[in-house]
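Please read the structure below before turning to the comments.
Just so you know, ligand 1 is whichever comes first in the structure, and atom 1 is the first atom listed for that ligand. What you are looking at is a predicted structure, and each value in this text was computed from that prediction instead of being measured.
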Amino acid sequence: MSDRAEPHDAKDSQLEHSRVDDTDAHLTTQQGIKVDHTDDSLSAGGRGPTLMDDFHFREKLTHFDHERIPERVVHARGAGAYGTFQAYDASLSDYTVAPFLTDPSVKTPVFVRFSTVAGSRGSADTVRDVRGFATKFYTEQGNYDLVGNNFPVFFIQDGIKFPDFVHAVKPEPHNEIPQAASAHDTLWDFVSLQPETLHAIMWLMSDRAIPRSYRMMQGFGVHTFRLVNAEGRGTFVKFHWTPLLGTHSLVWDEAQKIAGADADFNRRDLWEAIAAGNGPEWELGVQLVSENEEFEFEFDLLDATKVIPEEVVPVRPVGRMVLNRNPENFFAETEQVAFHTANVVPGIDFTNDPLLQARNFSYLDTQLIRLGGPNFAQIPVNRPVAPVHNNQRDGYGQQRIHRNRAAYSESTVGGGCPAIADSEVFKHYTEKIEGHKIRQRSESFQDHYSQATLFWNSMTDPEKAHIVDAFRFELGKVGDMDIRQRAVEQINNVDHSLAREVAAGIGVVPPSQETRPNHGQSSPALSQLREPVERIDTRQVAILAADGVDGGGVTKLRRDLSQRGASVEVLGLADGGIRSADGVEVKADRAMSTVASVLYDAVVVPCGPDSVAALKSNGHARHFVSEAFKHGKPVAAFGKGIDLLRVCEVFGQLADSGAVALDRGVVTTTAMGNELPDEFVDRFAQQVAKHRSWDRDTGHIAA
Ligand code: HDD
């Protein structure tokens, strides 16, 4: 047992029984026998063979040989954290009996695991992919898992196609290339033949597929689920997570470079934010549809390739989740956590969405192979805080010592226990079903394009440019020109101008006419950029400095930005102390050569003639600034620092006096030291909160 402070909640307190701390302990075997030597095996004479007697050697090696488990077939790469969820009020009481959604006095412990989908466990975080957003609510009524993604739609409509889709997107089987990427022939072959993928493909080509941070992405339950109230009345529901920090993305060139500079970028970001006390928060929202409105939409509520536009059914806020505790052991917690869409609690039920129905089979099945047997729910991270009593017995890894003789129901031997409860039980929604047993997709699932077009129409110009560039990149990596051509013909069903733009970049024949007129409708809520949340807190700002820097200016800037919640680092040409021009102590937090501009949200070049001269003649420094500029990031300079911007081809209006100039996210002033105006910091902070300036040339070539 560890000597941690008071447990945070019921789950934390339960986990405390499983924690092990080796501080002040002696090395032992698994049997608790102390050993005095673990570096040499027991052998016959100094140079003779190793002896069977060496139980310590055999145990140590055997455990090592068995310490890997199969990685998740999808979502292998992930990062997790604990936290709590709390409802705002009782307003959902008319719809559900689940107290964690309706009782504002209940704080429900949660564990969330974020993930990419296609890559292996060791793949890079910033690949173009969907992100998993799986939440386990340890409610007092048992575990509820909301196993969602950061896209509100999925690639297929029926789970029987899941193996086909996953085989198409995973690395190709002959050479296992490419890792964690969708830019290859098999995926686009599949897409070109399966129009139902098109809507999710639009999301995959959009900025949503390269989130800046797990803390800055939305989450969606995707399916239409059902809430059930005390009278047994059902209401259709879609779940939404909205990050309080806003939804923000990387740019593609940056994402690729981060994959090299810091493959753990999103994982590290989550970990460091929580460790620093900046636990990320999301608001849970619901879209509710009454049962008698089921057929009032142009699409089928059971079709997971469709959104209910928020302008049609608004998202209603329900409660807030904060993630505030990092796991203590990655394998024990983040790797062994087992989510399952069928983990529901009274008040939440399924619908007949065929994708959800398949998932309700697949998750339990996959845990059996991944976690080695039917007792995985007893692994600490998976255990409910609600009491567990049943007649399930034995199996690999049974941890519990069941004392009652009767492991069957009904019994008299065990006094009839565990007894059947008569309140707070899970009651399946009594839906009336009629029909023939047929293997056929419903007619109501046949429109694959309208919402893909809706998504396209809803994007702002920069978002559209990014989508065109993404299609060109992805299809440009496809070797088979017939696949490229077929993919463009599919895109033509989404929007003719989009298809022509994509075609122009990948050397295929642009479609000569439109196959479906664009319906012209849009849903502004689908755009990330129309109403962005602008916050500076936890943004990473780099200040580039060398000997001779304006220490007073750097100190003021660092202090003022930190007060606003930004994380500020001084990057020197080497680690350690920097001799400032004014004697004010400045210390480099890191050497520039160990990081890259892609790891920061914004960059500042302070004054100091010698400092700027040194930076000008340094390749890292020049590249740092010009790359940040290219990626649309806020760039600032004061005093002589402006000279470095000029060398780095940071174009636009740069200050020629103490007055602050702002042009497309570039903030400058010739003032320095104590003269540095507050307005300079204010303006720069606003740009950092804004995240990017999309009005710069980022390399997009219009067709
Ligand atoms: Fe799935 C893992 C999300 C469709 C089968 N899925 C998995 C995870 C997430 C999702 C977030 C990772 C959970 C974790 O962190 O451990 N999956 C989704 C969403 C889907 C979806 C939002 C569509 C709406 N999945 C889906 C289908 C099937 C699966 C249609 C199979 C029929 N998913 C699995 C799986 C995984 C999984 C094979 C791999 C590891 C695991 O479950 O525990 O069973």
Side-chain angles (χ1 to χ4, degrees), residues 69-82 110-121 125 129-136 143 145-170 194 196-197 199-200 203-204 208-209 211 214 217-225 238-241 266-267 270 301-307 323 327 330-343 350-372 376-377 379 381-382:
I69 64 171
E71 66 173 32
R72 290 167 176 82
V73 58
V74 283
H75 298 264
R77 168 85 182 165
Y82 293 94
V110 297
F111 184 82
V112 175
R113 182 173 178 273
F114 301 107
S115 47
T116 53
V117 180
S120 305
R121 242 189 90 175
D125 279 346
D129 201 351
V130 189
R131 298 300 184 282
F133 189 143
T135 309
K136 190 179 283 294
N143 285 354
D145 292 355
L146 182 56
V147 197
N149 278 341
N150 75 328
F151 297 2
V153 288
F154 203 63
F155 297 87
I156 48 167
Q157 296 172 318
D158 186 327
I160 196 169
K161 291 210 65 64
F162 192 66
D164 299 299
F165 167 64
V166 173
H167 290 169
V169 70
K170 280 273 183 181
Q194 300 290 332
E196 72 197 75
T197 57
H199 187 194
W203 284 78
L204 187 66
R208 302 283 182 148
Y214 290 137
M217 64 181 202
Q218 284 183 286
F220 302 92
V222 181
H223 309 281
T224 303
F225 293 91
K238 293 246 189 206
F239 291 106
H240 294 239
W241 289 115
N266 291 141
R267 178 184 278 197
L270 178 69
L301 286 181
L302 303 186
D303 174 358
T305 67
K306 304 295 185 295
V307 292
L323 298 183
F330 185 89
F331 180 83
E333 298 169 279
T334 310
E335 191 60 17
Q336 292 199 106
V337 68
F339 292 94
H340 185 11
T341 46
N343 288 349
F350 317 116
T351 57
N352 298 327
D353 171 345
L355 197 73
L356 174 59
Q357 298 277 319
R359 295 180 75 192
N360 285 347
F361 164 76
S362 188
Y363 287 71
L364 175 57
D365 186 44
T366 205
Q367 309 311 352
L368 293 174
I369 177 81
R370 201 167 71 78
L371 299 169
F376 63 85
I379 293 171
V381 67
N382 294 325

Next item on the list: Please report the C-alpha distance between Thr366 and His340 in whole Å, then the side-chain angles of each, then the deciding distance to 0.1 Å, and finally whether the side-chain contact (heavy atoms from CB on, under 4.5 Å) criterion is met.
Entry: CA-CA 10 Å; Thr366 205; His340 185 11; over 6 Å; no

Next item on the list: Report the C-alpha distance between Arg72 and Glu335 in whole Å, list the side-chain angles of each, state the deciding distance to 0.1 Å, and finish with yes or no for side-chain contact (heavy atoms from CB on, under 4.5 Å).
Entry: CA-CA 9 Å; Arg72 290 167 176 82; Glu335 191 60 17; 3.6 Å; yes

Check: Which is it for Asp164 and Lys161 under the salt bridge (charged side-chain N to carboxylate O under 4.0 Å, His left out) test, yes or no, and what are the steps along the way?
Finding: CA-CA 5 Å; Asp164 299 299; Lys161 291 210 65 64; 3.8 Å; yes

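Compare Arg77, Arg72, Gln367, Gln336 by their heavy atoms: the one nearest to atom 43 (O) of ligand 1 is in Gln367. Counting heavy atoms only, Val73 comes closest to atom 38 (C) of ligand 1 of the residues Asp145, Ile156, Val73, Val166.
Applying the side chain to side chain donor-acceptor pair (under 3.5 Å) criterion to Arg359, with sequence neighbours excluded, gives His223, Tyr363.
Between atom CG of residue Leu270 and atom CG of residue Leu323 there is a gap of 7.0 Å, rounded to the nearest 0.5 Å. To the nearest 0.5 angstrom, Glu196 atom CD is 8.5 Å from Asp303 atom CG. To the nearest 0.5 Å, atom OG1 of residue Thr341 and atom CZ of residue Phe350 are 6.5 Å apart. His167 NE2 to Phe162 CZ: the interatomic distance, rounded to the nearest 0.5 Å, is 9.5 Å.
Protein heavy atom nearest atom 13 (C) of ligand 1, with residue, atom name and distance: Phe339 CD1, 3.8 Å. With hydrogens left out, the protein atom closest to atom 11 (C) of ligand 1 is Gly148 O, 3.2 Å, a heavy atom. For atom 15 (O) of ligand 1, the nearest protein heavy atom (residue, atom name, distance) is Arg113 NH1, 2.6 Å. What sits closest to atom 41 (C) of ligand 1 on the protein, heavy atoms only, is Thr366 CG2, 3.4 Å. Looking only at protein heavy atoms, the nearest one to atom 23 (C) of ligand 1 is Phe154 CD1, 3.4 Å.
Numbered from 1 in the order shown, with element, the atoms of ligand 1 that lie under 4.0 Å from a heavy atom of His223 read 24 (C). Less than 4.0 angstrom separates some heavy atom of Leu355 from each of these atoms of ligand 1: 23 (C), 24 (C), 30 (C). Every atom of ligand 1 is numbered from 1 in the order shown, and the set under 4.0 Å from a heavy atom of Phe133 is 11 (C).
When heavy-atom distances to ligand 1 are checked against a 4.0 Å cut-off, Asn149 comes that close through both its backbone and its side chain. Residue contacts with ligand 1 for Phe220 are absent, since no atom lies close enough (heavy atoms, distance under 4.0 Å).
Classification of the Phe133-Trp241 ring pair by plane angle, with boundaries at 30° and 60°, yields parallel. Taking the six-membered ring where the residue is Trp, Phe111 and Phe339 present parallel rings, their angle staying beneath 30° rather than reaching 60°.
The shortest distance between side-chain heavy atoms of Trp203 and Arg208 falls below 4.5 Å. Side-chain contact check for Leu356 versus Phe225: some heavy-atom pair is nearer than 4.5 Å.
Each protein N, O or S atom less than 2.8 Å from atom 1 (Fe) of ligand 1 was counted, giving 1.
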